[in-house]
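The block underneath contains the structure these notes are about, expressed in structure tokens.
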Amino acid sequence: LLFIIKMGSVSMIPPLIVTLFLLLLLSIAIVDGGVRIPTTLDGPFKPVTVPLDKSFRGNAVDLPDTDPLVQRNVEGFQPEQISLSLSVSHSSVWVSWITGEFQIGENIEPLDPTTVGSIVQYGRFGKPLTRQAAGYSLVYSQLYPFEGLQNYTSGIIHHVRITGLKPDTLYQYKCGDPSLSAMSDVHYFRTMPVSGPKSYPSRIAVVGDLGLTYNTTSTVDHMTSNHPELILLVGDASYANLYLTNGSSSDCYSCSFSDTPIHETYQPRWDYWGRYMQPLISSVPVMVVEGNHEIEQQAENKTFVAYSSRFAFPSEESGSSSTFYYSFNAGGIHFIMLGSYISYNKSGDQYKWLEKDLASVDRGVTPWLVATWHAPWYSTYKAHYREAECMRVEMEDLLYKHGVDIVFNGHVHAYERSNRVYNYTLDPCGPVHITVGDGGNREKMAITHADEPGNCPEPSTTPDEYMGGFCAFNFTSGPAAGKFCWDQQPDYSAFRESSFGHGILEMKNETHALWIWHRNRDFYGSAGDEIYIVRQPDKCSPVKPEETHKT
């Protein structure tokens, strides 16, 4: 500042000095009360563990089917469980809903999807709904080849992609079948901004492992109060697989129902979840990636059927052949949604798709690159410790090479934010990994850490049961060399806390993003953890990992 005063004119100052000065102002961020929000440029940070508040677990009890929030409140073929999801860019949006009633029992007859149309009437806010789009419909079943188990068939699920939308514009719409006089009420949504380095959604909510408990309602209430324009759900939505087909349930399925011939589910919990979530996700797009609670095995070894049927994904638009992985843009952010429960080997389709997708990203248009999948690579909790190590071994180099900025995960029922890290080593160009598996489901919260005495799991117990494989070995270098776990909170773990909540991501410009994690038990608007994540494109331009690191 003294330099500027001495020069007497901003025009006389070298451009580099002006740029550095502006970056300094951005880095010194001030919030109400004059408290400075730290930035990743201040890091790496000394690890922090917030002590467990043993008096608070919230109300981890599922909403019953008698709760008005989950009951069917439409008649005939009127739409319910209405939701939105994005396509690859601002110009198109998916609208999804269900008509007709599900059936559950031994003798069920699926509804005929062709009997009800899939129509969305829409237009800009304040103008007539003169535009119309048609889509497709389907019915799915959850079938069990064992006597005494109840089968399920869904209502008719509709997916319609509406196109030709203007960026950052408020629209209104109805969905249903006008020929049957079965149209929904009017709903509203705002499109994403146009992709560009100075164009971003105002707030993006990030939540995982949500479930449908009273804790969930607290999370959703807090999330709604932050007025997000987009929601990322990083896996594990309804937790229908904590139930038997007769409606009995447990916080721990394997503990209570270890003798069942197949892992059962109670599919109506999906319908309850869709009804509860409709007020929010009929106006705010939700982008979902699969979690382990979506596996839901059934007859003929089919899996993930409810997940793949109920949500619309921009898979085809982003060049993917699977609902398990896809990508999309939201303003100046390119999001990559990856599958933890499908092959991630370098020879597999997902990896090949990821290579192609990353190679197509223009960081001049979408400076921010954010990746999401369910099972975390850098969680220090005992629960699921190093469970996704095989996925990390296969994919981490590729993500690092292309300069991924932030990674969001769920799975572990707690909150944790890492320092910038690559290959278990502090690295100023590595992503910040954030675990937000604390959405509120009925399973127990993760509270023990692998680095605490007596809590380091046996390596043979850590591989993911569904994907198999074994890649987690003792560390070969660093403070934990020769060990499977650290004996203190690892240096790559910056902040961890066992508490329910959600996060809000706000991109301020092409280099600064504000991340705030909100605890459910705090007042609305309070921050449990906050930091500016700062990109350094000049310092961390995409490079090949082998050029800068030795494994």
Side-chain angles (χ1 to χ4, degrees), residues 82-96 120-135 159-175 186-206 223-224 226-233 280-288 311-320 326-337 357 360-372 405-406 408 504-514 535 537:
I82 303 169
S83 66
L84 300 173
S85 56
L86 299 180
S87 186
V88 290
S89 69
H90 70 267
S91 62
S92 58
V93 167
W94 284 95
V95 183
S96 303
V120 174
Q121 298 170 343
Y122 63 104
R124 296 178 66 175
F125 176 72
K127 295 185 178 181
L129 305 180
T130 55
R131 302 177 69 178
Q132 182 168 295
H159 298 301
V160 177
R161 184 183 174 210
I162 57 178
T163 60
L165 305 176
K166 295 182 179 298
D168 198 19
T169 301
L170 186 62
Y171 283 85
Q172 54 189 0
Y173 71 96
K174 289 182 177 182
C175 60
V186 175
H187 296 274
Y188 306 88
F189 69 89
R190 181 173 292 278
T191 53
M192 291 295 104
V194 67
S195 291
K198 301 184 183 301
S199 179
Y200 301 95
S202 61
R203 294 182 188 89
I204 300 167
V206 188
M223 187 164 57
T224 303
N226 282 317
H227 306 290
E229 291 188 350
L230 174 64
I231 300 168
L232 300 182
L233 176 51
L280 177 60
I281 62 178
S282 61
S283 296
V284 181
V286 58
M287 305 305 287
V288 186
F311 298 105
F313 308 90
S315 300
E316 182 178 350
E317 302 101 279
S318 60
S320 167
Y326 59 92
S327 66
F328 64 95
N329 288 345
I333 316 165
H334 185 70
F335 286 98
I336 300 169
M337 314 292 277
D357 188 84
S360 70
V361 176
D362 183 349
R363 301 301 280 268
V365 177
T366 52
W368 288 92
L369 187 53
V370 177
T372 293
D405 300 298
I406 308 171
F408 290 113
I504 294 290
L505 182 66
E506 301 180 33
M507 266 59 182
K508 300 299 183 181
N509 55 39
E510 59 266 43
T511 58
H512 285 64
L514 177 62
R535 294 182 63 246

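Predicted, not measured: the structure shown is a model, and the values here were computed from it.
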Please identify each residue that fulfils side chain to side chain donor-acceptor pair (under 3.5 Å) with [X], with sequence neighbours left out.
X: Asn329; value: His334
X: Ser83; value: none
X: Ser91; value: Ser89
X: Ser327; value: Asp357

Problem - Donor-acceptor contact present, side-chain Arg161 to main-chain Ala133, <3.5 Å - result: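 No, because the side chain of Arg161 does not come within donor-acceptor range (under 3.5 Å) of the backbone of Ala133.
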
Exercise for the section: Can you run down the salt bridge (charged side-chain N to carboxylate O under 4.0 Å, His left out) pairs that involve residues 85-96, sequence neighbours left out, and say none if there aren't any? Expected result: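 Matches after skipping sequence neighbours: none remain.
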
Completion exercise
With sequence neighbours left out, the residues meeting ring pair (Phe, Tyr, Trp, His ring centres under 6.0 Å) with Phe313 are Tyr307, Tyr326

Exercise for the section: Using the test ring pair (Phe, Tyr, Trp, His ring centres under 6.0 Å), find all partners of Tyr173 that sit at least two apart in sequence or belong to another chain. Expected result: His187, Phe189

Using the test side chain to side chain contact (heavy atoms under 4.5 Å, CB included), find all partners of [X] that sit at least two apart in sequence or belong to another chain.
X: Tyr188; result: Phe125, Leu170, Gln172, Val186
X: Ala312; result: Ser85, Trp94, Ser96, His159
X: Thr169; result: Arg124, Lys166, Tyr171, Thr191
X: Val88; result: Pro314, Glu317, Ser318

Please tabulate, one pair per line, all N/O donor-acceptor pairs under 3.5 Å involving side-chain atoms of residues 197-205, not counting sequence neighbours.
unit_1, atom_1, unit_2, atom_2, d
Ser199, OG, Val194, O, 2.7
Tyr200, OH, Pro197, O, 2.8
Ser202, OG, Glu229, OE2, 3.3

